[in-house]
**Q** 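The structure's right below; bear with me while I get my questions together.
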Amino acid sequence: MQQIIDRRLAGKNKSIGNRERFLRRYKEKVKDAVKRAIDGRGIRDIERGEDIRIPKKDISEPVFGHGSGGVRDVVHPGNREYVQGDRIEKPKGGQGGGGSGKGQASDSGEGDDDFVFALSKEEFMQVFFEDLALPHLVRTQLAEVPEWKSQRAGFSSDGTPNNLHVVRSMRGALGRRIALGAGKRRTLQELEEELAECRAALQAGDAVAEAHIKALVERIELLKGRIERIPYLDPIDLRFRSRIKVPVPTSKAVMFCLMDVSGSMDEGRKELSKRFFILLYLFLTRHYEKIDLVFIRHHTQASEVDEQNFFHARETGGTVVSSALVLMEEIIRARYNPSEWNIYGAQASDGDNWHHDSGRCRELLSDKLLPLVRYFAYVQVAEEEQNLWDEYTQLLGAHKHFAMRKATSADQIYPVFRDLFKKEGAKAA
């Protein structure tokens, strides 16, 4: 058996195994620290690592201590004040005179600071996006470059040693030995019986009988030699587990990101929208290899843009939200067949819309888009509930795959994001 032990060292000369064990053991504390770190970050800093602080008391280990009373022998190095039999008073002013935050100031003692643990960029994002998934994602069809999975395909006479099937190989060896030696063993048994009869009937001085017995002994020895030369295990007996690759359906998904950039969206609201979509972008690109992202910005008119313009362009204007929904439907019809693609939509707006347009937005979602998508999420980045929020609220009861939330400050973006895209059975942040 071959064993591979990974002894690579991480930072601070701590092994990778110990680091992973620490992250598993204090998982909830690390998640809370990550959440606190995200709330204070800017858009450009969301994807970097973090030095997280965990209170010392939260990672303290249970210890055994001596109870009061009894006689103990303790060595105090450098003692010049006490002799045997003296009573030593406990330090005054809290626990040891420092670090606990209790009691009065002291000129002695020491305390414990918070434990600081550095998360790498990958570890930070892994904790950050844990327990998240696209809702209702299904495998639809075989892609042009299909995914493959390994599947058992019986046994073969060729293979690698690690795929050797010992039982089947020994079974084949036993069958071969029986088949090759059956006739010889039967003949050997007949000759041994004949030899026993000849020796029983042998009379002194019978040269013919003695010659016959000698010939029988030679034949018996020859047969025994042939039987012994049948190999116990031959290469033709070896059987190896055989596996083949078969194509499997792949999950093709597309996410439509719709952001309001009208005049009512001030810099603060745009910042909240961008934070939401950056989280969504990082989540999708890190967790799904085969997913398309379609970015749509809208004011009175909607346009499909690239990633750079979506997050950094400064175009603005009036507000006609339905223009983005119409463009989304046109793109779906032209490029993304719903029978082949898992289609998702995420929209961020302050809810301020031309009053004649909000009803049309509800109709577009209800009649055109929601029958095509697997999930659609709406995030309002303003507190006041305007006509668009009121119209969208009417969709909640009839469409279980439609969700809407509010996020009016930076510290609300992360909980709202996790609530919208949490896995089934997972708790929201």
**Q** Which heavy atom of Ser366 sits nearest a heavy atom of Pro371, and at what distance?
**A**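 Residues Ser366 and Pro371, closest heavy atoms: O-CD, 3.5 Å.
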**Q** Taking atom CZ of Arg199 as the centre, does the number of heavy atoms from other residues, nucleotides or ligands within less than 6.0 Å exceed 12?
**A**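 For Arg199, atom CZ is not crowded (no more than 12 foreign heavy atoms under 6.0 Å).
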**Q** How about Leu364 and Asp367: do any of their side-chain heavy atoms sit closer than 4.5 Å?
**A**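 When only atoms from C-beta onward are counted, Asp367 and Leu364 do not touch, as no gap falls below 4.5 Å.
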**Q** Would Glu385 and Tyr392 count as having a side-chain donor-acceptor pair, cut-off 3.5 Å?
**A**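 Looking only at side-chain atoms, Tyr392 and Glu385 do not form any donor-acceptor pair under 3.5 Å.
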**Q** What's the separation between atom CG in Asp306 and atom CZ in Phe295, rounded to the nearest 0.5 Å?
**A**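 Spacing of CG (Asp306) from CZ (Phe295) equals 8.5 Å.
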**Q** Between Ile296 and Ile331, is a side chain to side chain contact (heavy atoms under 4.5 Å, CB included) present by the stated rule, with each step listed?
**A** CA-CA 11 Å; Ile296 297 177; Ile331 295 174; 4.2 Å; yes
**Q** CD of Gln203: more than 12 outside heavy atoms within 6.0 angstrom?
**A**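 Counting other residues, nucleotides and ligands, CD of Gln203 stays at 12 neighbours or fewer.
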**Q** About how many Å separate CZ of Arg186 and NZ of Lys184, when rounded to the nearest 0.5 Å?
**A**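 So the NZ of Lys184 and the CZ of Arg186 are separated by 11.0 Å.
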**Q** With a 4.5 Å limit on heavy-atom distance, are the side chains of Asp292 and Arg335 in contact?
**A**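 When only atoms from C-beta onward are counted, Arg335 and Asp292 do not touch, as no gap falls below 4.5 Å.
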**Q** Evaluate the side chain to side chain contact (heavy atoms under 4.5 Å, CB included) criterion for residues Tyr232 and Met170: first the C-alpha distance (whole Å), next the side-chain angles of each, then the deciding distance (0.1 Å), finally the verdict.
**A** CA-CA 9 Å; Tyr232 181 80; Met170 297 307 297; 3.4 Å; yes
**Q** Take Asp234 and Arg176, measure what salt bridge (Lys or Arg N to Asp or Glu O under 4.0 Å) needs, and give me the verdict at the end.
**A** CA-CA 9 Å; Asp234 194 87; Arg176 176 187 51 79; 5.3 Å; no
**Q** Would you tell me whether Arg239 and Ser169 have side-chain atoms, one donor and one acceptor, within less than 3.5 Å of each other?
**A**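 No.
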**Q** Grab the two heavy atoms, one from Gln412 and one from Ala407, that are nearest each other, plus how far apart they are.
**A**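 Heavy atoms of Gln412 and Ala407 come nearest at OE1-CA, 3.4 Å.
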**Q** Nearest 0.5 Å, please: how far is CG in Leu327 from OG in Ser303?
**A**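 Rounded to the nearest 0.5 Å, the OG-CG separation comes out at 7.5 Å.
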**Q** If you measure from OG on Ser157 to CG on Asp237, what distance do you get to the nearest 0.5 Å?
**A**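 Interatomic distance, Ser157 OG to Asp237 CG, rounded to 0.5 Å: 11.0 Å.
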**Q** Which label fits His399 and His401: parallel for a plane angle under 30°, tilted from 30 to 60°, or perpendicular past 60°?
**A**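 Correct class here is perpendicular.
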**Q** Is any side-chain heavy atom of Cys361 less than 4.5 Å from a side-chain heavy atom of Leu325?
**A**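 Yes, their side chains come closer than 4.5 Å.
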**Q** Ignoring hydrogens, what is the shortest heavy-atom contact between Leu164 and Arg241? Give both atom names and the distance.
**A**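 Smallest heavy-atom distance, with atoms named: O-NH1, 3.3 Å.
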**Q** Minimum heavy-atom separation for Ile332 and Leu369, please, with both atom names.
**A**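 Scanning both residues completely, I find the closest heavy atoms to be CD1-CD2, 4.2 Å.
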**Q** Is a side-chain N or O of Arg269 found less than 3.5 angstrom from the main chain of Gln380, in a donor-acceptor match?
**A**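 Here the side-chain-to-backbone pair does not exist.
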**Q** Which pair of heavy atoms, one from Lys368 and one from Arg333, lies closest together, and at what distance?
**A**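 Result for this residue pair: O-NH2, 4.4 Å.
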**Q** Does some side-chain heavy atom of Phe310 sit less than 4.5 Å from a side-chain heavy atom of Val261?
**A**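 A side-chain contact under 4.5 Å is absent here.
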**Q** State whether the number of non-hydrogen atoms from other residues, nucleotides or ligands found under 6.0 Å of Gln394 atom CD is greater than 12.
**A**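 Count over threshold, so yes.
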**Q** Quick one: does any side-chain atom of Glu271 pair with a main-chain N or O of Glu267 as donor and acceptor, under 3.5 Å?
**A**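 No, the answer is negative, given that no donor and acceptor are paired below the 3.5 Å cut-off.
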**Q** Please name the pair of heavy atoms, one in Val305 and one in Arg297, separated by the smallest distance, quoted to 0.1 Å.
**A**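 Answer, listing the atom of Val305 first, then Arg297: CG2-CD, 3.8 Å.
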**Q** Once you round to the nearest 0.5 Å, how far does OH of Tyr378 lie from OG1 of Thr393?
**A**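 Here the rounded value is 9.0 Å.
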**Q** Evaluate side chain to side chain contact (heavy atoms under 4.5 Å, CB included) for Phe402 paired with Leu370, printing each intermediate quantity in order.
**A** CA-CA 8 Å; Phe402 175 76; Leu370 290 180; 4.3 Å; yes
**Q** Is the Phe277-Tyr281 ring centre distance short of 6.0 angstrom?
**A**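 No, they do not, as the ring centres are separated by 6.0 Å or more.
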**Q** Does any part of the side chain of Lys406, heavy atoms only, come nearer than 4.5 Å to the side chain of Val379, both counted from C-beta?
**A**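 No, every pair of side-chain atoms sits at 4.5 Å or beyond.
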**Q** Would you tabulate the side-chain donor-acceptor contacts of residues 208-227 under 3.5 Å, counting partners in other chains and residues two or more places apart, or write 'none'?
**A**
{"unit_1": "His212", "atom_1": "NE2", "unit_2": "Glu194", "atom_2": "OE2", "d": "3.0"}

**Q** Does Met328 reach the side chain of Leu258, with side-chain heavy atoms less than 4.5 Å apart?
**A**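 When only atoms from C-beta onward are counted, Leu258 and Met328 do touch, with a gap below 4.5 Å.
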**Q** Under the ring-ring contact (aromatic ring centres under 6.0 Å, His included) definition, can you give me all pairs with a residue in residues 152-188, not counting sequence neighbours?
**A**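 Residue pairs with at least one partner in residues 152-188: Phe155-His165.
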**Q** Could you check whether Tyr375 and Asn342, counting side-chain N and O atoms only, form a donor-acceptor pair closer than 3.5 Å?
**A**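 Checked: Asn342/Tyr375 side chains show no N/O donor-acceptor pair below 3.5 Å.
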**Q** Would you give the length of the straight line joining atom OG of Ser156 to atom CG of Leu238, rounded to the nearest 0.5 angstrom?
**A**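 CG of Leu238 is found 10.5 Å from OG of Ser156.
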**Q** Is the backbone N or O of Val381 less than 3.5 Å from a side-chain atom of Asp350, with the two atoms forming a donor-acceptor pair by type?
**A**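 No, the answer is negative, given that no donor and acceptor are paired below the 3.5 Å cut-off.
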**Q** State, yes or no, whether a side-chain contact exists between Ser273 and Met265 at a heavy-atom distance under 4.5 Å.
**A**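 Contact flag for Ser273/Met265 side chains = yes.
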**Q** Test Leu396 against Met404 for side chain to side chain contact (heavy atoms under 4.5 Å, CB included), laying out the working first.
**A** CA-CA 8 Å; Leu396 291 176; Met404 51 192 299; 3.8 Å; yes
